[in-house]
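Ligands are counted one by one from 1 in listed order, and the atoms in each one are counted from 1 as well. For the numbers below, each heavy atom of this structure counts, side chains included, while hydrogens, waters and symmetry mates do not. When a residue number appears, it is its place in the shown sequence, counting from 1.
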Amino acid sequence: MSEQLQAIRGMNDVLPAEIGAWQHFETCTRDLLTSYGYEEIRVPIVERTELFKRAIGEHTDVVGKEMYTFTDRGGDSLTLRPEATAGIARALISNGMLRGARHKLWCIGPMFRHETPQAGRYRQFWQVDVEAVGCAGPDVDAELIALGTRLWQRLGISGLRLEINSLGTPESRREYRARLTEYLRRHESILDADSQRRLTANPLRILDSKNPQMQELIRGAPELTEHLDAESRQHFETLCATLRGIGVDFTINPRLVRGLDYYNRTVFEWITQSTGAQNAVCSGGRYDGLIAQLGGDATPAIGFAMGVERLVALLSAAGRLPAPAHPDLFVVVSGEQVAGRALELVEGLRSARPRLRIELNLGGGNFKAQFRRADKSGAPLALIVGEDELARGVVAMKPLREQSGQSECPVGELAPAVDAALALLARPGSAPAG
Ligand code: HAM
């Protein structure tokens, strides 16, 4: 027997039983983004490796350790996108969409990072990414955060904590970085291996360490918010005041630094306690320098990305999902000779009633087996297309979830008869007369 093929570790199938939750999440998200004026954009899953190196930063974990990079047949180094912001910035530049224009964009799709898989952390995972390009003021930051908060409310997801911070300008961050490095060097002997490695390349990430032994050292570290330049401080204060004004709860976390290098000023994250260590369900921030850094016109921007698997898991746990869809009608076919005629009738009904969900019994089977399938399908009504009935120019209908008898209708009146039977069944406690 040949060996059974397995999926790649950390890359999941989304099965039909789970797809309802995904679609519910996607529909709510799309509707809300549209109502805030965001437009969908679709960018390639593969980009030049150079794009991610320049945008995300060579010393980040994402670029240094996690990218799926390969050389294509033309000899180019390409990478499966680890996130969407870089690709969207590239698309705005290469399609000539900047020149002072403003854009509110979103996209959904799979991202790829070679991390160690565990619950809530995958190597292929989906993000809904949202970007507001062209505005520098804290009003955009506040609206974006309000949008996220409203989405959790609409989805019925509670218990998320919003953490925000300001990273200031690249200059103030550089100054802070020097102070932090000085502090950490004084305690170098107690740094864990990961932090030792980060000390020269990316010391701010040490503040993000989950190692309990590092927490005391981190608590004593100088705080970024104390070293902000005056404009960044003003920006942050206005944002906090605006959020308070619109009733959005948040916590200032001076150690929130984010793992991608392109951020400046506002950064934020929604955290849940329920998915263990993988607790960030949506994260983002301002990246005013990125577009110019990639060769475009200097354009301020801010955005965030949600981890779809993590949010779908919360949605499912909250039990706030719509009931799974079932067919309206299951068509039982009695007699092998009538299979072609049954399909013809069903196709006619599909043309007449495009919104009706109809499941036609395919592949034969005796009457009993077909009714078992009909029951399992969840349809409220069965249509029976039989040789005898067709000879008389009629088809039969039978409610499946009520104890009432069979009725018949002329083949030529099938569509209105199905409408009437379904309307009656939709009323609690009633069934069509037998
Ligand atoms: P990020 O924090 O790297 O930011 O990822 C955003 C979200 O994606 C996380 O909060 C998490 O929910 C989810 N996520 C990340 N890695 C994984 C994983 N391995 N498995 C499952 N879910 C994961 C960004 O990607 C930025 N591009 C966000 C952004 C947009 N900033 C500005 N605009």
Side-chain angles (χ1 to χ4, degrees), residues 8-12 14 25 29 33 38 41 43 47 51-52 55-57 60-63 65-68 80-92 103-133 140-141 144-145 147-148 151-152 157 160-165 167 205 208 256-272 274-291 299-315:
I8 297 167
R9 194 161 164 248
M11 303 207 181
N12 299 314
V14 180
F25 172 77
T29 306
L33 286 164
Y38 281 81
I41 180 168
V43 292
E47 297 271 1
L51 171 68
F52 301 116
I56 299 170
T60 58
D61 283 352
V62 172
V63 171
K65 303 199 290 197
E66 297 168 0
M67 293 208 300
Y68 281 88
L80 296 185
R81 63 179 180 198
E83 58 105 57
T85 312
I88 292 178
R90 197 270 311 135
L92 289 167
H103 296 280
K104 288 162 108 180
L105 303 168
W106 69 275
C107 86
I108 179 168
M111 310 294 153
F112 303 85
R113 296 183 193 176
H114 196 273
E115 295 190 77
T116 309
Q118 60 180 76
R121 191 209 276 160
Y122 310 107
R123 290 182 172 172
Q124 176 183 302
F125 59 96
W126 285 64
Q127 281 187 347
V128 168
D129 183 89
V130 182
E131 311 289 356
V133 178
V140 190
D141 309 22
L144 202 62
I145 289 173
L147 186 161
L151 181 61
W152 321 139
I157 294 177
L160 296 186
R161 191 176 74 241
L162 169 63
E163 295 192 348
I164 65 173
N165 192 19
L167 301 181
R205 287 294 285 168
D208 243 9
L256 178 64
V257 289
R258 309 278 298 119
L260 315 165
D261 275 358
Y262 49 62
Y263 293 113
N264 67 301
R265 292 203 172 144
T266 312
V267 287
F268 54 97
E269 223 160 49
W270 275 276
I271 314 272
T272 166
S274 33
T275 40
Q278 303 312 309
N279 55 9
V281 295
C282 179
S283 341
R286 187 161 271 291
Y287 52 97
D288 295 332
L290 176 66
I291 293 174
T299 310
I302 181 169
F304 62 62
M306 312 170 206
V308 179
E309 285 84 355
R310 295 180 191 180
L311 283 161
V312 165
L314 290 180
L315 250 184

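- Shortest contact from atom 9 (C) of ligand 1 to any protein heavy atom: S283 OG, 3.5 Å.
- Within the 4.0 Å heavy-atom criterion, both parts of R121, backbone and side chain, lie near ligand 1.
- For atom 7 (C) of ligand 1, the closest heavy atom belonging to the protein is A305 O, 3.5 Å.
- In terms of polar-atom proximity, defined here as any N/O pair under 3.5 Å, A280 does make such a contact with ligand 1.
- A pairwise comparison of heavy atoms in V43 and R81 identifies O-NH1, 3.3 Å as the closest pair.
- Every atom of ligand 1 is numbered from 1 in the order shown, and the set under 4.0 Å from a heavy atom of V281 is 10 (O), 12 (O).
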With side-chain hydrogen bond (donor to acceptor under 3.5 Å, both in side chains) as the criterion, how do Y262 and T85 come out once you've worked through the C-alpha distance, each side chain's angles and the decisive distance to 0.1 Å? CA-CA 10 Å; Y262 49 62; T85 312; 3.2 Å; yes
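- With 3.5 Å as the limit, one finds no donor-acceptor pair spanning the side chains of Q124 and Y68.
- When hydrogens are left out, the protein atom nearest atom 1 (P) of ligand 1 is R258 NH2, 3.5 Å; that is the closest non-hydrogen contact.
- Distances between N or O atoms of Y262 and those of ligand 1 include at least one value under 3.5 Å.
- Taking distance alone, with nitrogen or oxygen atoms compared against 3.5 Å, E309 stays at or beyond that limit from ligand 1.
- Atom-to-atom distance recorded for L256:CG and N165:CG is 5.5 Å, nearest 0.5 angstrom.
- Those atoms of ligand 1 that come under 4.0 Å of a heavy atom in D129, given as number and element, are 30 (C).
- Of the heavy atoms in V62, none comes closer than 4.0 Å to ligand 1.
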M306/L151 under side-chain contact (heavy atoms from CB on, under 4.5 Å): CA gap, chis, key distance, verdict: CA-CA 11 Å; M306 312 170 206; L151 181 61; 3.5 Å; yes
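- Here the heavy atom of the protein found nearest to atom 24 (C) of ligand 1 is L260 CD1, 3.6 Å.
- Near E83, meaning under 4.0 Å from any of its heavy atoms, are these atoms of ligand 1: 25 (O), 26 (C), 27 (N).
- Backbone and side-chain nitrogen or oxygen atoms of G307 are examined, and one is located within less than 3.5 angstrom of a nitrogen or oxygen of ligand 1.
- Within the listing of ligand 1, atoms 11 (C), 12 (O), 17 (C), 18 (C), 20 (N), 21 (C), 22 (N), 23 (C) sit less than 4.0 angstrom from a heavy atom of R310.
- In this structure the side chain of I145 reaches within 4.5 angstrom of the side chain of W270, judged on heavy atoms.
- Heavy atoms of P82 found under 4.0 angstrom from ligand 1: none, in either backbone or side chain.
- With a 4.0 Å cut-off on non-hydrogen atoms, I302 does not touch ligand 1 at all.
- From the protein, the heavy atom lying nearest to atom 32 (C) of ligand 1 is G303 O, 3.2 Å.
- A heavy-atom distance below 4.5 Å is not found between the side chains of W152 and T272.
- No side-chain donor-acceptor contact under 3.5 Å links Q127 to the backbone of D129.
- Not a single donor-acceptor pair under 3.5 Å links the side chain of R161 to the backbone N or O of E269.
- By the 4.0 Å heavy-atom criterion, C282 is counted among the residues contacting ligand 1.
- What sits closest to atom 19 (N) of ligand 1 on the protein, heavy atoms only, is E115 OE2, 2.7 Å.
- Listed here is the closest heavy atom pair of V140 and A132: CG1-CB, 3.6 Å.
- Listed by atom number, the atoms of ligand 1 under 4.0 Å from E131 heavy atoms are 30 (C), 32 (C), 33 (N).
- For the atom pair L260 CG and R205 CZ, the distance stands at 7.5 Å (nearest 0.5 Å).
- Looking at Y287 next to ligand 1, no N or O pair under 3.5 Å apart turns up.
- For E269, no heavy-atom contact with ligand 1 is shorter than 4.0 Å.
- Protein heavy atom at the shortest distance from atom 31 (N) of ligand 1 is Y263 OH, 2.6 Å.
- Distance alone, capped at 3.5 Å, places no donor-acceptor pair between the R286 side chain and the T266 backbone.
- In terms of protein heavy atoms, atom 8 (O) of ligand 1 is closest to Q127 NE2, 3.1 Å.
- Side-chain atoms of E309 come within 3.5 Å of backbone N or O of W126 as a donor-acceptor pair.
- When atom types are taken as modelled, the side chain of R123 and the backbone of M11 share no donor-acceptor pair closer than 3.5 angstrom.
- Each of the atoms 31 (N) of ligand 1 lies under 4.0 Å from some heavy atom of G284.
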